[in-house]
Amino acid sequence: MNNLRRYVTQLMGYPTAVLGLLMIIALIGVAMYTVITIPYERAIDLWRGHEESWAENPRNAKPKWVNYFRDGQLPETLVMRTQDPQASRIEQDLEGIRLVTATLSFDYHYDDFPSEVILFFTSKAEEQRPFVATTWILPDGRRIETDAQALASQQRVYLGLDNRVKRALGQVPAEIGLFSDQSGQLLKGTYQVEIQGYLFEESSDFDAKLVVYGKVHGWAGTDHMRRDLMVALMWGAPLALAFGLLAALGSTIATFIISAIGAWYGGWVDALIQRITEINLILPVMPVLIMVGTLYSRSIWTMLGVVILLSIFGGGIKTYRSVFLQIKTAPYMDAARAYGASNMRLIFRYMIPRMIPVLIPSFITSIPSFVFLEASLALLGLGDPTLPTWGKLLQDAFSNGAIFKGHYYWILEPAVLLMITGLSFAMVGFALDRIFNPRLRGL
Amino acid sequence: MRNGVLLSVRDLHTWFEMRRWGFFHVGYVRAVDGVSFDLRRGECLAIVGESGCGKSTLIRTILALETPTKGEVVFENRLVSGIEPKHIKWYRSQVGYVQQDPFAALPPFMTIRQILDEPLRINGIPSKREREWRIKQALTEMKLTPVEDFLHKFPHMLSGGQQQRVVLARARILNPKLLIADEPVSMLDASVRVEVLQLLRRTQEELNLAAIYVTHDLSTVRHFSERIFVMYGAQVIEQATTNELLENPSHPYTRSLLDAIAEPDAENARQMRVVPAGDPPSLLRPPPGCRFFERCPNAMKGLCENEAPPDFVLSRFHRVKCWLYQDEKVLPVEETEEKEIS
């Protein structure tokens, strides 16, 4: 206990270690917050990406913070509903047919065109479906009309694909044409969308939602499937930490015990363990994992098990064994035996205290290597397909040519988080190494 | 129980099995190959010999740190060799062990207080006050004063001499009857050797301890012990009282060993010493005859190389394993020196 306090005090003397510890604490905080606010099932469900859950997100939108680094403000997504209080709705009765005129208006003051414009309709009808026609009114008073159409119960109208809009705008894409004056300049001001719906039945009704997709979304941006990257970035933290910690813990403890057994009993037990280790050391880990991923299962927990199994008989066996042998034959062990210390006492009072200094730094520094291993597996397309992890984000970005399309944030964000994780554990680990290392302490 | 005998070693053999790749038997390293002696209470015995002659293995076997292949160690008429560790716990408190390298002999992660506390705890002294008192007393006795300055220090904060005195204190703290010192001063600076040896001697005399003092340095022996054993090639080749051995060395190896003592004498610069060439014998395949045969200046062809010499008795305490004294009486294997004395 006293020793522990001494080590902590010493650790606080290293600014890098303090910084690393703060970073680790922040990561753990984020991980805990994520697990509490977005439960596991919900995260998997979100990441599977039903159109409904992400329908209001733009595709490949940059994160909000890019606006701080540029002159013009990129647009955020605007959503207007006919149910909103500020939307106007006028009903007229035309000989049994009701004409509903709903007007959605919004101010557009951004410095760039939106990325897409979609009208979502929901309607109720028994036999005759409602019939709607939409007019787009620009701030300069021009009116662009869309095709009139009968509504299904759920309907999307992509303004860019509408025939009459196309005819009105010519070659210009809708998201530009609908937001510019005749010279092609962006028009700022109040836009209106007038929806005229003809309802043929007493009970029928319709609602409309206009989504003007922006070019930035959230603090993380979105991917090609409109998914908010924040979900993956946040969920990546607990998954990476869990994977890294469990793998490091499992392999360190197992390695420790096995090497201890080998060193203590010696003879053929030791020889066998050493030969297995040597064979395992020349077996490449990555191809084995790729094989398991391709042929058996890509579940992250299966991978975790395989990674632990493969790293049990790793270099650690040699390191721990050498220290064990050194301790086992140390004169003070003989002295202790000579004054009657039992085997249990020798192990717990004399050997373990000497092993801790070797064990802890290597345990801490091995955590990020397992985090990176998981990320590289995911990058190779062998990540758990259901889970949003940092490696999975990188793989998505990679396979969608994020760099070539300029979606740098898509790669930058998970990469920075991976680097922070690696850096924090490395900084703490190296400081611990300096504190614990028997040679540097002059033991 | 024979009067006065504390420790009795009977025909002790400690062989280590050699294996290739951890599996295949190659042979045995005969580190101790037939050693017998009795040690009386309060008696001090020195064992000298060059490195690798089996001195350390002999005392490790006596300490029950190694299990003998053959033969037995008897302490106060109770067998202590080849017995389960938990059944000889009583023996552990009877023997103090002083090692060669004081720094390595002290666990580096324990304070001096913890180090001295360990033997007391293990050997069942429950009262914290008594343990504390004994720790302080042992430190005072070893002139590690003021005691409070040392209790909380770690071994690496002490000098070599101080470390060795802590080792002495630890060996002495259980009030043992036998003290075993394995080259206690060879790692120390010449300046502190005498001091440590004097402390060792004083402790031994005050407590009337029997002691086994192992060294390869004959010059320190005469201050310390009554009897000397000379070991060569896993056997005791000559034994005698200290004075007798130093004045009348009989085995050719003992003579060369005495010749090698460096006396502070200007004459040494102009004098060539005759030191027998060659290496000590292989303990894996010891020669069939005398183990010193290859290096012996007095070797007799045909005899020495083929037949191992028995112990020839030169005088009351003086025995030697050398064919040069084949006219002398041979000590029968069963007979012990005790009978002779009584």
Side-chain angles (χ1 to χ4, degrees), chain A residues 1-4 6-7 261-263 265-278 321 323 325-360 435-443, chain B residues 17 19-24 56 59-60 62-66 85-86 88-111 114-124 152 154-157 163 166-167 170-174 176 178 180 182 187:
Chain A
M1 218 49 222
N2 262 334
N3 277 356
L4 192 69
R6 208 175 70 221
Y7 290 140
I261 290 170
Y265 289 103
W268 67 268
V269 181
D270 192 29
L272 185 70
I273 292 171
Q274 295 312 310
R275 295 305 88 75
I276 292 175
T277 307
E278 277 146 25
R321 176 176 176 265
V323 182
L325 287 179
Q326 207 184 328
I327 299 170
K328 192 185 154 197
T329 55
Y332 66 79
M333 293 289 280
D334 280 341
R337 233 173 267 138
Y339 55 66
S342 62
N343 274 353
M344 278 297 142
R345 196 177 185 91
L346 286 178
I347 291 169
F348 288 103
R349 194 107 170 80
Y350 292 80
M351 293 183 87
I352 303 281
R354 277 298 297 273
M355 285 310 295
I356 298 291
V358 185
L359 212 60
I360 287 186
I435 290 167
F436 281 139
N437 195 318
R439 246 178 329 172
L440 297 180
R441 270 210 303 167
L443 292 188
Chain B
E17 192 170 12
R19 289 168 187 273
R20 185 158 294 162
W21 304 321
F23 293 99
F24 305 110
S56 292
I59 61 161
R60 285 174 61 83
I62 292 171
L63 280 162
L65 296 176
E66 306 284 351
K86 57 178 176 236
I88 51 165
K89 226 180 152 182
W90 65 271
Y91 177 57
R92 301 299 190 190
S93 62
Q94 304 290 308
V95 189
Y97 183 27
V98 179
Q99 282 152 304
Q100 179 172 14
D101 180 354
F103 183 49
L106 299 171
F109 45 84
M110 288 188 187
T111 59
Q114 285 173 313
I115 288 169
L116 295 177
D117 202 30
E118 282 287 295
L120 297 174
R121 265 170 195 271
I122 289 167
N123 290 284
H152 298 287
F154 285 91
H156 69 269
M157 300 167 172
Q163 285 168 359
V166 173
V167 174
R170 183 175 68 181
R172 177 250 169 276
I173 202 162
L174 287 169
L178 171 64
I180 295 183
D182 187 358
M187 302 283 277

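Naming convention: chains lettered A, B, ... in sequence-line order (proteins, then strands); numbering from 1 in each chain.
When heavy atoms are compared at a cutoff of 4.5 Å, B:Asn123 approaches chain A solely by way of its side chain, counted from C-beta outward. Proximity to chain A (any heavy atom under 4.5 Å) is restricted, for B:Gln114, to the side chain, taken from C-beta onward. Using a 4.5 Å cut-off between heavy atoms, A:Arg349 contacts chain B through both its backbone and its side chain. Only the backbone of B:Leu106 comes within contact range of chain A, with at least one heavy atom under 4.5 Å from a heavy atom of that chain.
When the salt bridge (charged side-chain N to carboxylate O under 4.0 Å, His left out) test is applied to B:Arg172, the partners found at least two apart in sequence or on another chain are B:Glu141.
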- Item | B:Val98 and B:Asp182: CA distance, side-chain angles, deciding distance, side chain to side chain contact (heavy atoms under 4.5 Å, CB included) verdict | CA-CA 6 Å; B:Val98 179; B:Asp182 187 358; over 6 Å; no
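Between the side chains of B:Glu118 and A:Tyr350, at least one donor-acceptor pair of N or O atoms lies under 3.5 Å.
For the pair B:Leu116 and B:Arg170, the minimum side-chain heavy-atom distance is below 4.5 Å.
Only one option out of A:Asp270, A:Leu272, A:Ile276 pairs with A:Gln274 in a side chain to side chain contact (heavy atoms under 4.5 Å, CB included); it is A:Asp270.
In terms of non-hydrogen atom pairs under 4.5 Å with chain A, the most contact-rich of B:Met110, B:Arg121, B:Glu17, B:Lys89 is B:Met110.
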